[in-house]
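Here is the structure we will look at.
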Amino acid sequence: MRVAEIYESIQGEGFLTGTPSVFLRASGCNLRCGYCDTPYASWEPEGDDLSVEEIVDQVLQRDVRHVVVTGGEPMLFAELIPLCRELVTQGRHVTIETAGTLMLPVPCQLMSISPKLSNSDPGPQADARWRRRHQKNRFAPAVMRRLVNEYPYQVKFVVDRPEDLEEVDRYLADFPEISRDRVMIMPQGTEPVSLALTGTWLQPYCRQHGFRYCPRMQVEWFGGVTRGT
Ligand code: SF4
């Protein structure tokens, strides 16, 4: 499995915000979001191919209970199954970060799903084949259903403009099995100023509609999205 980075930090989003964790970033993605903040694991994947044993060894060297397996899209890699099985066996709490378009029967304690709305489009400058592929693959309802039915989960939507909220509503209308108190809405952006600006209308909306507002604390703590944070 190709790995872009393994590092220790603190979870900045979701139910486990503030939890010290080891982050394992798989390199490679089936999507190409225009706002992707880890292009080195999607648009231009970097990193070495490591065996399951090598990865487990590097993770277990750290005396940290929580492990976040992120990407890229980690569900692209079948090695994730034995990898997560071993981490769970070794007493680690495993969170998988996925866009919810691919399914693997991975053992984990939390499935953290970030469905991609139309605002994730790669943009006009992107290769036309990737734009088509992204559009075709970003919504996989059967996979989404399995993930929320088979795992403890959280669902995080990335919102850029007020119009995106109508799309969130339409999305959730298709999934009555998704519990609203597990839905988080997160402002798009990697700069504290733009996140704060979006928060001025998004936070009141979340309060009024029973969603959790999900700040991106890693941007506040580390001043932006940088590798190793
Ligand atoms: S799914 Fe995630 S890693 Fe893949 S392109 Fe989109 S934001 Fe980047």
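Indexing begins at 1, ligand by ligand and atom by atom, following the structure's order.
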Quiz item: Would Trp201 and Val168 show up in the same hydrophobic cluster when neighbours are defined by side-chain heavy atoms closer than 4.5 Å?
Solution: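 Yes: a chain of side-chain contacts under 4.5 Å links Trp201 to Val168.
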
Self-check item: Min side-chain heavy-atom separation Ile55-Met1 under 4.5 Å
Solution: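 Yes - at least one pair of side-chain heavy atoms lies under 4.5 Å apart.
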
Quiz item: Heavy-atom count around Arg146 CZ within 6.0 Å, excluding the residue itself: above 12?
Solution: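 No - once you tally the heavy atoms of other residues, nucleotides and ligands closer than 6.0 Å, there are 12 at most.
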
Practice problem: Can you check the number of protein N/O/S atoms within less than 2.8 Å of atom 6 (Fe) of ligand 1? | Solution: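 Step by step: take atom 6 (Fe) of ligand 1, keep protein N, O, S below 2.8 Å, and you get 1.
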
Quiz prompt | Residue pair Arg138 / Ser118: nearest heavy atoms and the distance that separates them | solution =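 Distance-wise, the nearest heavy atoms are NH1-N, 3.5 Å.
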
Quiz item: Would Thr101 and Asn30 count as having a side-chain donor-acceptor pair, cut-off 3.5 Å?
Solution: yes

Quiz prompt | Top protein contact for atom 3 (S) of ligand 1, by heavy-atom distance | solution = Gly72 N, 3.4 Å

Practice problem: Go through the steps to decide whether Glu86 and Gln90 satisfy the test side chain to side chain donor-acceptor pair (under 3.5 Å), and finish with yes or no. | Solution: CA-CA 6 Å; Glu86 183 59 18; Gln90 295 295 331; 2.9 Å; yes

